[in-house]
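Read the structure below first, then the notes.
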Amino acid sequence: MDPVGQDINLNSPNKGLSHAAGDDALSGASAQGGAVGVSSVSTLPPGLTEEEAEELRIELGKVEEEINTLRQVLLAKEKHSAELKRKLGLSPLNELKQNLTKGWQDVQTSNAYLTASATLDDIARSEAYKKTQETLSVAGQKTTAAFSTMGSALSRKLGDMSSNYSIRHSISMPAMRNSPTFKSFEDKVGNIKLG
């Protein structure tokens, strides 16, 4: 190519082509029904005649036009669908809720979920599970009883302390610490901390 005849505009679709070749490329594109980027200047693959190449270019142009038409139709259908959903009061949040509900139902009917559920049921019916449950239940009852007894004893001792001393004596810490009730209380609290 002659550098003098080349199109040097970097934004030009004919960049690097001579003006004459660019004119051929443009006329070839318009004859093909808008197929852009295909020029008659390109070399043909081996075994392909000029007539076959022209037929393929025309078919390519038609397919690209169909693709654009289908995109426009899809866009129009999506807009129509959104309008119908709006009129029905269906919001994206409602759709999400429906999808989550359906997904959860699908999970519950899946083989993995059913197998895991059956395994957990088997464990709940096993003797080891029942014994562990009974042991924990008894331990809870004993712990509750121990706290209840301790609370009662504590209330009784504090009641005894307040009835044996006047306000003047109860304010005096050294006098209270030397009392047998306080020492007994202190011993019990010490035992609880150690136990």
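By the salt bridge (Lys or Arg N to Asp or Glu O under 4.0 Å) test, Lys85 pairs with Glu95, sequence neighbours left out. Taking the side-chain contact (heavy atoms from CB on, under 4.5 Å) definition, one finds that Ala116 meets it with nothing, sequence neighbours left out. For Glu134, there are no side chain to side chain donor-acceptor pair (under 3.5 Å) partners, not counting sequence neighbours. For the salt bridge (Lys or Arg N to Asp or Glu O under 4.0 Å) test, no residue two or more places apart in sequence or in another chain qualifies with Lys131. In this structure Gln72 satisfies the side-chain contact (heavy atoms from CB on, under 4.5 Å) test with no other residue, sequence neighbours excluded. Taking the side-chain contact (heavy atoms from CB on, under 4.5 Å) definition, one finds that Asp121 meets it with Ser117, Arg125, sequence neighbours left out. Residues meeting the salt bridge (Lys or Arg N to Asp or Glu O under 4.0 Å) test with Glu55, sequence neighbours left out: none. With sequence neighbours left out, the side-chain contact (heavy atoms from CB on, under 4.5 Å) criterion links Leu70 to no other residue. Scored by the salt bridge (Lys or Arg N to Asp or Glu O under 4.0 Å) test, Glu127 finds no partners at all (sequence neighbours excluded).
The line from CG of Leu48 to CD of Glu54 is 11.0 Å long, rounded to the nearest 0.5 Å. Summarising the geometry, atom OG belonging to Ser137 is positioned 14.5 Å from atom NZ belonging to Lys130; distances are rounded to the nearest 0.5 Å.
Residue Ile67 is found in a hydrophobic cluster whose other members, listed by chain and number, are Val63; membership requires side-chain heavy atoms under 4.5 Å apart, directly or through intermediates. Hydrophobic cluster membership for Leu88: Leu90 (Ile, Leu, Val, Met, Phe, Trp, Tyr linked by side-chain heavy atoms under 4.5 Å, directly or transitively).
A side-chain donor-acceptor contact under 3.5 Å links Thr101 to the backbone of Lys97.
When all heavy atoms are compared, the tightest approach of Thr143 to Ala139 is OG1-O, 2.8 Å. Scanning all heavy atoms of the two residues, the minimum distance from Leu114 to Thr109 falls at CD1-O, 3.8 Å. Contact record, Thr49 with Leu44: C-CD1, 3.9 Å, taken as the closest heavy-atom pair. Closest of all the heavy-atom pairs between Asn94 and Gly89 is ND2-O, 3.5 Å.
Residues in residues 98-108 take part in these salt bridge (charged side-chain N to carboxylate O under 4.0 Å, His left out) pairs, two or more places apart or across chains: Lys102-Asp106.
In summary, Lys62 and Glu59 do not engage in a salt bridge, as defined by a charged side-chain N under 4.0 Å from a carboxylate O. Salt-bridge check for Arg57 with Glu50: passed, with a basic side-chain N closer than 4.0 Å to an acidic carboxylate O.
Using a 4.5 Å heavy-atom cutoff, the side chains of Leu75 and Arg71 are not in contact.
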